[in-house]
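Scroll down for the structure; my scribbles are underneath it.
Throughout, residue positions are numbered sequentially from 1 according to the sequence presented.
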Amino acid sequence: MSEEKDWQDEKQRVDQVIHVIRNKMEQLKDKAGDLKEKVIDIRKDFWDDVTVNLDDPDDIIETQASLKQQAEFLSERERSHGHMSKQIDTLQRLEDSPYFGRIDFVEKGYDKPESIYIGIASLMDEQDDDFLIYDWRAPISNLYYDYPPGEAKYKTIDEEIEGEITLKRQFIIRNSVIKGMFDTGLTIGDHLLQSVLGNTADTKMKSIVATIQQEQNQIIRNEKSDLLIVQGVAGSGKTSAALQRVAYLLYRYREVLSSENIVLFSPNPLFNSYVAKVLPELGEENMKQTTLFQYLDTQIGNKLTVETPFAQMEYYLSEAGKNYAARVQAMSYKASLNFKQMIDDFGTSLEQDGVIFRNIRFRGDMFISKQQIKDYFYSLEETMSIPLRMEEVAKWLLTKLTELEREQREEDWVIEEMELLDKSDYLEVHNELQDETRFSEDTFDDHVREEDLLRKKVVADKIRPLKEKVKRKYFVDVKKTYIQLFTTLKPTEVDHLDLPEKWEEICKQTEKFISKNYLTWEDATPYLYFQKMLLGFNANRTIQHVFIDEAQDYSPFQFAYLKKIFPSSRMTLLGDINQAIYAHAIEEETLLSENIETKHERITLTRSYRSTKPIVEFTKAFMPNGHLIEPFNRDGAKPVLMEVENTAIANDKIETAITDFQTAGHQTIAVICKTMIESNVVYHRLKHKFDVRLMDEETHTFQQGILVIPAYLAKGIEFDAVIIHDASDQVYHKELEKNLFYTACTRAMHDLLMISLGEPSAFIKEVPREKYTHYKIHAIRKGQ
């Protein structure tokens, strides 16, 4: 009877809250409508309400003040309308599902409990006296995530409040109606998680505020760590927790922090699309999002072509080419802090000699030679840093160009150029002349003055591009100076830096690539670091928080570079060491390694929520420390391995499986291949029978359906069913490919099928046979 009464009471409360939400929404819509009409009227009558008078200087000042006042008035009304629209959006989200949790808390010194309902945003009653719903980020809401019924405490800005939780309850509310209600303990109950995790995969990551676990809450509300490292197993919710962390920080520090002060480095553009809805769902604007490749490529500029990390991955996985061994060694060594030290040492030597400069020419003639620039550079004080000396050189060159500009105005070539000017150029000079004479009592020959102005304009237009190049320090030949690192340094000078065995071959390869204006991915960060070392690091101090997802794929050198660029930022690194798939991870430490030297706080997430228990039990069995991974107790079918004799059978089984998975109601089915080359072959074969999409590094949106994708692009994304296209030992055999195979398998939420063309991968053989179903399928021969 008590349960029935609780249900009725809670149902009645939901109805009351929905009534308040709808009333507030109506009131806001009326106000917003009136305000919108006022904004439209202000825009329409803008110039009617401004006094425009340009007759004398005082009138001009008065006109400017009038314009400014009217613009500020319009801007303030537009801001108010925008704020109301945002409030309406929040209320609309609350109308569907106003809250998901309740705790009854008796504060120490009080007798009666207070019922605290928790949702994605706060809501006051109609008198704005009491909270009907608390925002999940409010200090008191921490009780819900961190404590079971019993003694509990939470921190406000001023103090710590102790008490007792007498009830902890969860709700599933959809379309303003309670669908489920459960009383629970410490963890967010299995009922709610089962209902969320049992759904089909979505094309966008969803907010997880209703199902945040205690260990995820530690990530979200961490405020003190300058460097927070989250090692989370596949499907542990680390990325979701990170996005909720962004929302929490924006709420907690809303007076001093905005989404413009936060940047997320994600693994690929597809992932950016996948996570794009999480923050807007919580009423926050998305932070800046980029990939490391996009960031470096923009900084390097268009003079050099930069290899993408995925092109590097394709090369590594292909195991082809006569210089393959040297290139793989380069991938590891150029990722290391030893190589950074080599560049630092080289930079120190350049303080004495070695920087290469470019000639500066004007109209085809030598103006200042590279030797003159070099002589001036090395004549400056040795105690000055290289970037400071470059600034001095730039000032010196700009002074020389200004002198040249004055001298050239009297040259005959200027007359010829004047004859080629457009009418608009003459009009511009005429207007300038009019402005000069308007307030002047002096009289002079307009024709002579006009010619002076035209000469000045012609020469200024010619010299302007040179000045711009000088300001950007194009007089430094960064490329040729960098190449010296591989052509002039003797191995004996740097052998203390643990040079790889094939260093001399690496040097020849690097010189060849860069001479052709091509930067391999392993050279992108070192080259940019070297460029900044010469020209100056423009530290970005507006970014207060940097988030790096799939941080295990970042090299120590790349991380050191980002710390240099974002010196004032707190950093949150998220990843899974079991999914480190880049070549440098073979020999170099990753950012998630236990013995990373940088001072940090580490949170480890060992529980996997994405996949069913049978899939997790299978994948963890072939990974080092896999015994530490805990599956969430969600049942499902065992993974299936089909060992087939030839390609025809493999193709038939894949097509049958896709049809079966569709019949089972799976919305997103991924055929995961090892490489892009393999993915292309599979896509062209399947597209004749199914509506299938090929996902590559240029794909920016994730859609439901049948997808073909290389394993390294599938990171962070989940699918209802996964088909591993070829799980044979011929395809997955190297140690690093174990991580790639693990990444591919752990994308599956409900079903995992592995097709092996011949002998299965040795990684599968490490798994006890009872953890998966194994079929051997032979071709049917004539006569059988």
Notebook entry, point to check: Given side chains that start at C-beta, do those of Y582 and P309 come closer than 4.5 Å, heavy atoms only?
Noted result: yes
Check: Does D128 offer a backbone N or O that forms a donor-acceptor pair with the side chain of D125 under 3.5 Å?
Finding: yes
Note to self: I'd like to check L573 versus H600 (side-chain heavy atoms, cut-off strictly below 4.5 Å). Are they in contact?
What the structure shows: no
Next item on the list: Under the salt bridge (Lys or Arg N to Asp or Glu O under 4.0 Å) rule, what do E284 and R137 come out as? Steps first, then yes or no, please.
Entry: CA-CA 13 Å; E284 302 290 355; R137 297 165 288 188; 2.8 Å; yes
Item checked: Trace of the salt bridge (Lys or Arg N to Asp or Glu O under 4.0 Å) decision for R221 with D146 -> CA-CA 11 Å; R221 293 177 191 257; D146 275 358; over 6 Å; no
Item checked: Side-chain heavy-atom pair R174, S97 within 4.5 angstrom cut-off -> yes
Notebook entry, point to check: Salt-bridged, K168 to D104, with N to O below 4.0 Å?
Noted result: no
Notebook entry, point to check: Is a side-chain donor-acceptor pair under 3.5 Å present for N739 with N578?
Noted result: no
Checklist line | Among F182, F100, Y99, W7, the one residue meeting ring-ring contact (aromatic ring centres under 6.0 Å, His included) with F171 | finding: Y99
Check: Does a side-chain N-to-carboxylate-O contact under 4.0 Å join E162 and K108?
Finding: yes
Next item on the list: Apply salt bridge (Lys or Arg N to Asp or Glu O under 4.0 Å) to R607 and E215, showing your working.
Entry: CA-CA 10 Å; R607 201 172 191 208; E215 66 273 17; over 6 Å; no
Item checked: Short side-chain donor-acceptor distance under 3.5 Å, N261 and S259 -> no
Check: Are any of the side-chain heavy atoms of R747 and I672 separated by less than 4.5 Å?
Finding: yes
Checklist line | V14 side chain near V177 side chain, heavy-atom distance below 4.5 Å | finding: no
Check: Between atom CD1 of I565 and atom CG of N538, what is the distance when rounded to the nearest 0.5 Å?
Finding: 7.5 Å
Next item on the list: Check the pair M181, D6 against side chain to side chain contact (heavy atoms under 4.5 Å, CB included), reporting the backbone distance first and the verdict last.
Entry: CA-CA 10 Å; M181 186 177 94; D6 282 354; 3.9 Å; yes
Margin query: Regarding R610 and H750, do their side chains bring together a donor and an acceptor under 3.5 Å, going by distance alone?
Written below: no
Next item on the list: Scan side-chain atoms only and decide if Q216 and Q218 contain a donor-acceptor pair under the 3.5 Å cut-off.
Entry: no
Notebook entry, point to check: Does the pair V233 and T604 meet the rule for a side chain to side chain contact (heavy atoms under 4.5 Å, CB included), with working shown?
Noted result: CA-CA 8 Å; V233 302; T604 303; over 6 Å; no
Next item on the list: Verify whether one side chain among Q231 and D576 offers a donor that lies under 3.5 Å from an acceptor in the other.
Entry: yes
Margin query: Could you measure the distance from the OG atom of S611 to the CE atom of M749? Nearest 0.5 Å is fine.
Written below: 8.0 Å
Next item on the list: Would you name the heavy atoms of F547 and A242 that are closest together and state the gap between them?
Entry: CE2-O, 3.7 Å
Next item on the list: For the residue pair Y529 and F537, establish whether any side-chain heavy-atom pair is separated by less than 4.5 Å.
Entry: yes
Next item on the list: Specify the closest pair of heavy atoms between F719 and A714, including all atoms of both residues, with the distance to one decimal.
Entry: CE1-CB, 4.2 Å
Notebook entry, point to check: Are Q87 and K24 close enough that a side-chain donor and a side-chain acceptor fall under 3.5 Å?
Noted result: no
Next item on the list: Can you see which heavy atom on L257 is nearest to which on L249, and at what distance?
Entry: CD2-O, 3.6 Å
Margin query: Distance to the ring centre below 6.0 angstrom and angle to the axis at most 45 degrees; does that hold for R252 and Y248?
Written below: no
Note to self: Please determine whether a side-chain nitrogen of the Lys or Arg among K5 and D9 lies less than 4.0 Å from a carboxylate oxygen of the Asp or Glu.
What the structure shows: yes
Next item on the list: Report the distance from atom NZ of K112 to atom OG of S115, rounding to the nearest 0.5 Å.
Entry: 10.0 Å
Check: How long is the gap from OG on S266 to CG on L574, to the nearest 0.5 Å?
Finding: 11.5 Å
Next item on the list: Give a yes or no on whether E107 atom CD has more than 12 heavy-atom contacts from other residues, nucleotides or ligands under 6.0 Å away.
Entry: yes
Notebook entry, point to check: Would M25 and E95 satisfy side chain to side chain contact (heavy atoms under 4.5 Å, CB included), going step by step from the backbone distance to the final call?
Noted result: CA-CA 10 Å; M25 220 166 4; E95 184 183 18; 3.4 Å; yes
Note to self: Looking only at side-chain N and O atoms, does E223 offer a donor or acceptor that is under 3.5 Å from a partner on Y253?
What the structure shows: yes
Check: What are the two closest heavy atoms between P269 and T291, and how far apart are they?
Finding: N-CG2, 3.9 Å
Note to self: Is it true that, when you exclude K153 itself, more than 12 heavy atoms of the residues, nucleotides or ligands shown sit nearer than 6.0 Å to its NZ?
What the structure shows: no
Check: What distance do Q294 atom CD and Q289 atom CD have between them, rounded to the nearest 0.5 Å?
Finding: 10.0 Å
Next item on the list: Give me the ring orientation class for F265 and F566: parallel if the planes are under 30° apart, tilted from 30 to 60°, perpendicular past 60°.
Entry: perpendicular
Notebook entry, point to check: How about K288 and I543: do any of their side-chain heavy atoms sit closer than 4.5 Å?
Noted result: yes
Checklist line | Any donor-acceptor N or O pair under 3.5 Å, side chains N23, H19 | finding: yes
Checklist line | T90 side chain vs K86 backbone, donor-acceptor pair below 3.5 Å | finding: yes
Check: Are a donor atom and an acceptor atom from the side chains of E630 and T606 found within less than 3.5 Å of each other?
Finding: yes
Item checked: side-chain hydrogen bond (donor to acceptor under 3.5 Å, both in side chains) evaluation trace for E10 with Q12 -> CA-CA 5 Å; E10 295 290 9; Q12 190 176 353; over 6 Å; no
Check: Considering residues, nucleotides and ligands other than E285, do more than 12 of their heavy atoms fall under 6.0 Å from its CD?
Finding: no
Margin query: For the backbone of C745 and the side chain of T619, can you confirm whether one donor and one acceptor N or O come within less than 3.5 Å of each other?
Written below: no
Notebook entry, point to check: Nearest heavy-atom pair of P98 and I133: which atoms, and what distance?
Noted result: O-CD1, 3.3 Å
Next item on the list: Verify side chain to side chain contact (heavy atoms under 4.5 Å, CB included) between L28 and L91, making sure each step is shown before the conclusion.
Entry: CA-CA 10 Å; L28 273 171; L91 288 169; 3.6 Å; yes
Note to self: Can you see whether R541 engages S568 through a side-chain donor-acceptor pair at a distance of less than 3.5 angstrom?
What the structure shows: yes
Check: Quick one: are the ring centres of Y117 and Y134 less than 6.0 Å apart?
Finding: no
Next item on the list: With rounding to the nearest 0.5 Å, note down the distance linking OG1 in T239 to CD1 in I717.
Entry: 10.5 Å
Notebook entry, point to check: So do the side chains of Y742 and K620 get within less than 4.5 Å of each other, counting heavy atoms only?
Noted result: no
Next item on the list: Write down the atom of Q704, the atom of T668, and the distance for their closest heavy-atom approach.
Entry: CG-OG1, 3.7 Å
